[in-house]
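Here the structure is laid out as structure tokens; the discussion comes afterwards.
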Amino acid sequence: MRVDCAAAGPSINPPFMVIMVRTGLCRPSGRVKLFCALLCTLALLQYFFGSSVYHVDYNIFQYYWTPTESAALPANDVEQRTVAILVSGAEEALFVARNDSATNDTLTTTSTAVELSATSPMMKAQADNLEQCPLVPPVLVGPIRVWFDYPSYEEMAKLYPYLEPGGHSKPDYCRSRHRVAIIVPYRDRDQHLRGFLHNMHSLLTKQQLDYSIFIVEQQAGQTFNRAKLMNVGFAEASKLYDWQCFIFHDVDLLPEDDRNLYSCPEQPRHMSVAVDKFKYQLPYGSIFGGITALTKQQFEKINGFSNDYWGWGGEDDDLSTRVSLGHYQISRYPTTIARYKMIKHTAEKKNPVNKCRYKLMYKTKQRWLKDGLSNLQYKVLSLELKPLFTRIYADLLEEESLKQLSDSGIKC
Ligand code: UDP
Ligand code: BGC
Ligand code: MN
């Protein structure tokens, strides 16, 4: 005799329930029939109006750290040479030319317009006579305490006195295996930013990385565009130093385990696997939001993020599709390591859900090669090497960009 589906229901997951009903393994009660009808309608809606993302054949696998991933990265080849360091203050810009090979730095300051398109690396590379750092940083302990105190910038400058201009840090006793730019999209979350810097500088130093933190902020008044900020961060950070690896990082995610290495493995890595907000579970298999790590080559091959997602949602799913279209596979640390706390916040009122996101996501496959790094347009309004981070403030040209999108047939 068949069991009543309602009785078996609560312990069975929804897709499996549908199979049981369809194959006659259980007898549907009125409530179950209604539930199945609802589920089918949702599935049909998703199929016709939902994202093309879900139709891409993902081959996601859990990725465990192996010694070869670090060894595979090329050696640091940036020469020690005369470099220009650009420092811009709140009121006026200073152009500082510094001769790194001299013991006494010669500083020349001028208040003329800042040359923002300088091409030589402007952060100082590690000495090349150092021995490589060990494959596994020796001071890692596993689970770490997340700090929810929010020191002032002045306090932090004292806590992390070894940071170089722009929040650049690298060990002085061994050659880092990874040169990593952390790119953070940012607007109006001062407390989050202080919490983020405090937790991250302490962790990244322990991981013996050659890294810097880039806070990318868009001109006030424009609709928030997380993805385009990431592209701007990538482009600008690349002008300052020879980064191998880019980690695109929400400002409100704080790591709970120091074995979660901030480096780039052979495949693009999704880092925020287990987040407290999602009960430490992956919400869906193709998710690629929160924090992602890609090598420079990988990011260039997938043409970066799309520039066209204004408002909340979808831009990370679009990136996930690009990873797949670039013939990469998303890699992940296990949930015991890739754990994060999200600083509590409500849905951002000033960042409304992007109603256009499904239209765009449906077309990623047609658009990805012409929408991204290849057609990135913005204006840098200021670039400052601050003590704890590099701040990039940019006009994302929202109006022009929306007009181009509309001309291409996508009305948002
Ligand atoms: N963000 C920001 N200010 C905003 C909206 C977003 O700084 O007004 C940045 C910030 O880095 C944040 C990320 O964009 O962590 C993602 O936005 P949000 O946290 O609102 O989205 P969630 O992932 O929590 O849904
Ligand atoms: C959105 C993503 C978001 C995810 C988790 C999806 O529906 O499209 O942008 O990261 O939900 O919140
Ligand atoms: Mn958040």
Side-chain angles (χ1 to χ4, degrees), residues 86-88 90 93 95 113-123 166-167 181-189 193 212-241 243 246-251 292 294 296 299-316 318-319 322 348 350-351 354 356-357 360 364 367-386 389-408 410 412:
L86 198 60
V87 183
S88 93
F95 189 76
V114 171
E115 176 53 85
L116 286 166
S117 60
T119 48
S120 54
M122 292 191 284
M123 286 177 172
I182 315 281
I183 312 285
V184 183
Y186 176 82
R187 181 176 69 186
D188 203 12
R189 289 202 186 178
L193 179 55
S212 198
I213 296 181
F214 296 86
I215 304 296
V216 198
E217 200 172 337
Q218 67 187 66
Q219 193 171 24
Q222 299 181 346
T223 311
F224 196 70
N225 189 330
R226 178 177 177 272
K228 191 162 181 180
L229 287 172
M230 301 295 202
N231 283 346
V232 171
F234 174 84
E236 291 304 311
S238 302
K239 291 180 196 165
L240 296 175
Y241 200 60
W243 305 111
F246 289 81
I247 301 200
F248 301 95
H249 207 305
D250 280 1
V251 76
T292 46
L294 293 98
K296 189 179 177 104
F299 196 66
E300 282 172 346
K301 185 168 174 205
I302 65 171
N303 199 19
F305 278 87
S306 160
N307 297 311
D308 289 327
Y309 286 78
W310 300 91
W312 185 92
E315 81 294 340
D316 46 354
D318 185 289
L319 190 74
R322 288 168 185 246
E348 195 66 60
K350 286 172 285 161
N351 187 22
N354 174 11
C356 200
R357 68 193 192 284
L360 289 164
T364 307
R367 305 186 68 251
W368 70 300
L369 289 173
K370 42 188 198 298
D371 163 28
L373 294 176
S374 60
N375 71 338
L376 178 62
Q377 282 181 338
Y378 61 95
K379 273 195 202 127
V380 174
L381 301 172
S382 72
L383 193 148
E384 297 170 71
L385 299 191
K386 288 175 164 281
F389 58 90
T390 300
R391 176 179 182 254
I392 300 162
Y393 183 54
D395 177 357
L396 297 189
L397 310 172
E398 180 179 9
E399 231 173 83
E400 295 89 319
S401 155
L402 284 173
K403 184 169 179 313
Q404 278 168 18
L405 193 61
S406 160
D407 292 346
S408 77
I410 300 183
C412 289

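Position 1 is the first residue of the sequence, and the numbers go up from there.
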ask   = Can you list the residues that meet the side chain to side chain contact (heavy atoms under 4.5 Å, CB included) rule with E398, with sequence neighbours excluded?
value = Q222, T223, W310, L402
ask   = For the ring pair F248 and F305, is the centre-to-centre distance below 6.0 Å?
value = yes
request  = Apply side chain to side chain donor-acceptor pair (under 3.5 Å) to Y393 and list each qualifying residue two or more places apart in sequence or on a separate chain.
outcome  = none
request  = Name all residues meeting the salt bridge (charged side-chain N to carboxylate O under 4.0 Å, His left out) criterion together with K370; count only those two or more places apart in sequence or in a different chain, and write none if there are none.
outcome  = none
request  = Mind checking ring-ring contact (aromatic ring centres under 6.0 Å, His included) for F214 and listing every partner two or more places apart, or none if nothing turns up?
outcome  = W243
query = Would you say the side-chain atoms of Y309 and D318 include a donor-acceptor pair closer than 3.5 Å?
reply = yes
Nearest atoms (heavy-atom pairs only) where A235 meets L376 = CB-CD2, 4.2 Å
key: Side-chain heavy-atom pair I410, C356 within 4.5 angstrom cut-off   = yes
query = How close do A237 and I183 get, heavy atom to heavy atom, and via which atoms?
reply = CB-CD1, 4.0 Å
inquiry  = Any heavy-atom pair between the side chains of M230 and P185 that's under 4.5 Å?
reply    = yes
message = Suppose we screen for side chain to side chain donor-acceptor pair (under 3.5 Å). Which residues come up paired with K379, at least two apart in sequence or across chains?
response = none
inquiry  = Per the salt bridge (Lys or Arg N to Asp or Glu O under 4.0 Å) rule, what does the pair list look like for residues 299-311, sequence neighbours excluded?
reply    = D308-R367
task = Please determine, by modelled atom types, if N375 and N307 share a side-chain donor-acceptor pair under 3.5 angstrom.
result = yes
task = List the steps, then state whether salt bridge (charged side-chain N to carboxylate O under 4.0 Å, His left out) holds for E236 with K239.
result = CA-CA 5 Å; E236 291 304 311; K239 291 180 196 165; 2.8 Å; yes
task = Name all residues meeting the side chain to side chain donor-acceptor pair (under 3.5 Å) criterion together with R391; count only those two or more places apart in sequence or in a different chain, and write none if there are none.
result = E217, E384
query = Can you tell me if K228 uses its side chain to pair, donor with acceptor, with the backbone of Q218 under 3.5 Å?
reply = no
query = For D250, which residues count as a salt bridge (charged side-chain N to carboxylate O under 4.0 Å, His left out) partner, sequence neighbours excluded?
reply = R226
message = So F246 and F234, do their side chains get closer than 4.5 Å, heavy atoms only?
response = yes
ask   = Please walk me through it: do Y378 and Q219 pass side chain to side chain donor-acceptor pair (under 3.5 Å)?
value = CA-CA 10 Å; Y378 61 95; Q219 193 171 24; over 6 Å; no
task = Report the residues that fulfil salt bridge (charged side-chain N to carboxylate O under 4.0 Å, His left out) with R189, sequence neighbours left out, ordered by chain and then residue number.
result = D252, E348
ask   = By side chain to side chain contact (heavy atoms under 4.5 Å, CB included), which residues pair with N303, not counting sequence neighbours?
value = R322, L373, S374
key: Residues in salt bridge (charged side-chain N to carboxylate O under 4.0 Å, His left out) contact with D188, at least two apart in sequence or another chain   = K350
remark   = Residues at least two apart in sequence or cross-chain that pass side chain to side chain donor-acceptor pair (under 3.5 Å) with S212, listed by chain then number, are none
